[in-house]
Amino acid sequence: MTIGLLSTMAAVFYGGTVSILALTATFARRRTLRREARSTLAVLVPGRAVQSQQGAELPVEGGRAVAACRRPRG
């Protein structure tokens, strides 16, 4: 029961953190705050695209931006 309670608490904390970061990344007034929230969100949520300094989007794998672009599956 202790393991289940700890897992539930961790999941709620993670979900709350991601939700707050997503709201900050969307609605923050300062551009730097939005950028920092997006980069932190990209680390926490695998597969999310992050923008580089030049403005081009890079895919993210395992918390790191991948420089090589892949072809879309299909």
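As a basis for the values below, the full set of heavy atoms in this structure was taken, side chains included, without hydrogen atoms, waters or symmetry mates. If you read the sequence from its start, that first residue is 1, and numbering goes on from there.
- Minimum heavy-atom separation, V18 to V45: CG1-CG2, 4.1 Å.
- Heavy-atom minimum distance, T26 versus A22: OG1-O, 2.8 Å.
- Checked by atom type and distance alone, the side chain of R38 pairs as donor or acceptor with a backbone atom of A25 at under 3.5 Å.
- Within 6.0 Å of CG on L6 lie more than 12 heavy atoms contributed by other residues, nucleotides or ligands.
- Here OG1 of T17 is found 10.5 Å from CG of L41. Values are rounded to the nearest 0.5 Å.
- The main-chain N or O of M9 is never found under 3.5 Å from a side-chain atom of Y14 such that the two would form a donor-acceptor pair.
- For the atom pair E36 CD and R31 CZ, the distance stands at 13.5 Å (nearest 0.5 Å).
- Hydrophobic clustering keeps L21 apart from L23 (ILVMFWY residues linked when any side-chain heavy atoms are closer than 4.5 Å, directly or through intermediates).
- In this structure a side-chain-to-backbone donor-acceptor pair under 3.5 Å is missing from R34 to F27.
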